[in-house]
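See structure below.
Just so you know, these numbers use all the heavy atoms, side chains as well, and skip hydrogens, waters and symmetry mates. Residue numbers start from 1 in every chain, and the chains themselves are labelled A, B, ... in the order their sequence lines are given, proteins ahead of strands. This is a predicted model, so every value here is computed, not measured.
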Amino acid sequence: MTRIKLTVDGASVADDVEPRMLLVQYLREKLGKTGTVIGCDTSNCGACTVHVNGRSVKSCNMLAVQADGAEVTTIEGLAKDGELHPVQEAFRECHGLQCGFCTPGMIMRSVDLLQENPKPTEEEIRIGLEGNLCRCTGYHNIVRAVQHAAGGEVTA
Amino acid sequence: MIPAQFDYVAPTSVEEALALLAQHGDDAKIIAGGQSLLPVLRMRLNAPELVVDLGRIDTLRGVRDDGDALVIGAMTTHDDVSKDPMVAEHAALVSRAMEHLADAQVRHRGTFGGALAHADPAGDLGAPAMALGAEFVISGAGGERRVGADDFFEDLFTTAIGDDEILTAVRIPKHTGWGAHYEKFVRVAHQWPIVAVAATVRTEGGAIAEARIGLTNMGSTPLRARAVEAALVGQPATEEAVAAAAAAAAEGTNPPSDLNGDADYRRHLATVLTRRAVLAAAGV
Ligand SMILES: Cc1cc2nc3c(=O)[nH]c(=O)nc-3n(C[C@H](O)[C@H](O)[C@H](O)COP(=O)(O)OP(=O)(O)OC[C@H]3O[C@@H](n4cnc5c(N)ncnc54)[C@H](O)[C@@H]3O)c2cc1C
Ligand code: FES
Ligand code: FES
């Protein structure tokens, strides 16, 4: 067992974990944060995307021990005081989901994308979301949602 | 899928990490960004007893100007390398190859040294490293040694790095003012190329003065297309002249046959992609 201390969605947490425990398992099984989902388990789909120190990563492809000392934000930490994050709001508004399984990862990746590039073109959005797979929407409304959140023209 | 049990240490210096490797031999495995290693451990294709995390060794991170070369720390992430202005100026071929390497999340964790140490023949950084004549700085109990790109890649997933050694940095000779292009042929998003060509050229008054070309996934290691390099010297940077030189791109290669294409198809791709890469690098 290895002792880890980190911040998750603004709260300090400390636990003894097996070194082989994946960050996504830690979030779901130890902390009960089941908002972060496992889609593929082969590090391809991006459904498990969270932020570690502000940058989007696939939490199924990182060990919990590697997050020692880090600040982690999950989909559950985005809304503030009952108000949806603007990107969450945009996905709702633009119907950027069908089954919703890819949505936590799509939103976490989109938030990071917009931090880095607040006014992305349609192509930049599509490339920026390359690591997130959706089996339902055909991506169209997801791209629209990101454009909407960016306050730009919705062209997709 | 969950890896088999292992012990974990995160040393804060290279010396400490080397001592751990010396003590545990091939029972130990280095983890850098984990973007290739963790999938392997999760599929239980490997089950080390000890995982040594280089992530807390700050000296392994960052890009430094060292006169006629850039020194890229092994633990510098793909994301940081791709945004580095010195890399863009002096080793544009690396920046070009980074543009389509994996996806953003993987680039935030995966490292320059980790990708090269992994030595996947379909990996996108080996061919640029070959083309630019990179030198690999490897530390071990006996001190530090430098290995040239031609000797670094030994076979599929096999490099000159010993079990008790660490790749600490990669030195890239500056190619300031050279045009560069990485032409990657791939069927799906964020994945490894079926074949890719890394080309960097220096032009003088519309003619090609020097050219360096690396091939990805045309054999068990990245390769240099030396016949094409030689044929290009002194040629005008025109479609016709470049196509004639690029016809030799598959010479001396031994590409794999798999579900994505057979060896002949890859040989054909190599010539087409080499023509495109050289023309784009020359700004045509
Ligand atoms: C979804 C996905 C898509 C990808 N797409 C691409 C792609 O398109 N192109 C591409 O090139 N790559 C791709 N990759 C691989 C990616 O580039 C990895 O980041 C890289 O191959 C490994 O780097 P890492 O830092 O994560 O190394 P790790 O996974 O931590 O380590 C890889 C191997 O190298 C060894 N190692 C690592 N660092 C050192 C060191 N300093 N000294 C000695 N040994 C060391 C480890 O022991 C291990 O055997 C992809 C990965 C994923 C998950
Ligand atoms: S569950 Fe992590 S990438 Fe699919
Ligand atoms: S909405 Fe179903 S996977 Fe994207």
Step through the shown structure and confirm whether more than 12 heavy atoms of other residues, nucleotides or ligands are within 6.0 Å of [atom1] on [X].
X      : atom1 : result
B/R44  : CZ    : yes
A/K5   : NZ    : no
B/R187 : CZ    : no

Working for side-chain contact (heavy atoms from CB on, under 4.5 Å), residues A/T42 and B/M43: CA-CA 9 Å; A/T42 55; B/M43 287 184 278; 5.8 Å; no

Is any side-chain heavy atom of [X] less than 4.5 Å from a side-chain heavy atom of [Y]?
X     : Y      : result
B/Q5  : A/P19  : no
A/R20 : B/V51  : no
A/N61 : B/R109 : no

Can you say whether [X] sits under 4.5 Å from chain B via the side chain, the backbone, both, or neither, judging by heavy atoms?
X     : answer
A/E18 : side chain
A/N44 : both
A/M62 : both
A/L63 : both

Got a second to check how far [X]'s [atom1] is from [Y]'s [atom2], nearest 0.5 Å?
X      : Y      : atom1 : atom2 : result
B/H100 : A/E130 : NE2   : CD    : 8.0 Å
B/D7   : A/M1   : CG    : CE    : 12.0 Å
A/I127 : B/E99  : CD1   : CD    : 9.0 Å

Donor-acceptor under 3.5 Å (B/R42 side chain, A/C60 main chain): yes

Top residue by heavy-atom pair count (under 4.5 Å) with chain A, among B/D53, B/I2, B/L37? B/I2

Looking at chain A, which one of B/R56, B/Q191, B/R107 has the largest number of heavy-atom pairs inside 4.5 Å, strictly under?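 That would be B/R56.
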
With a 3.5 Å cut-off and no angle check, do the side chains of A/S56 and B/Q105 form a donor-acceptor pair?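 There is no such pair (donor and acceptor under 3.5 Å, judged by atom type) between the side chains of A/S56 and B/Q105.
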
Nearest non-hydrogen partners of A/G128 and B/A104, listed with the distance: O-CB, 4.5 Å

Residue among A/T49, A/I38, A/V52 with most heavy-atom pairs under 4.5 Å to chain B: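 Max contact count across the listed options: A/T49.
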
Heavy-atom pairs under 4.5 Å with chain B - which of A/R109, A/Q66, A/E116, A/Q25 has more of them than the others? A/Q66

Side chain, backbone, both or neither: which part of B/V106 has an atom under 4.5 Å from a heavy atom of chain A? side chain

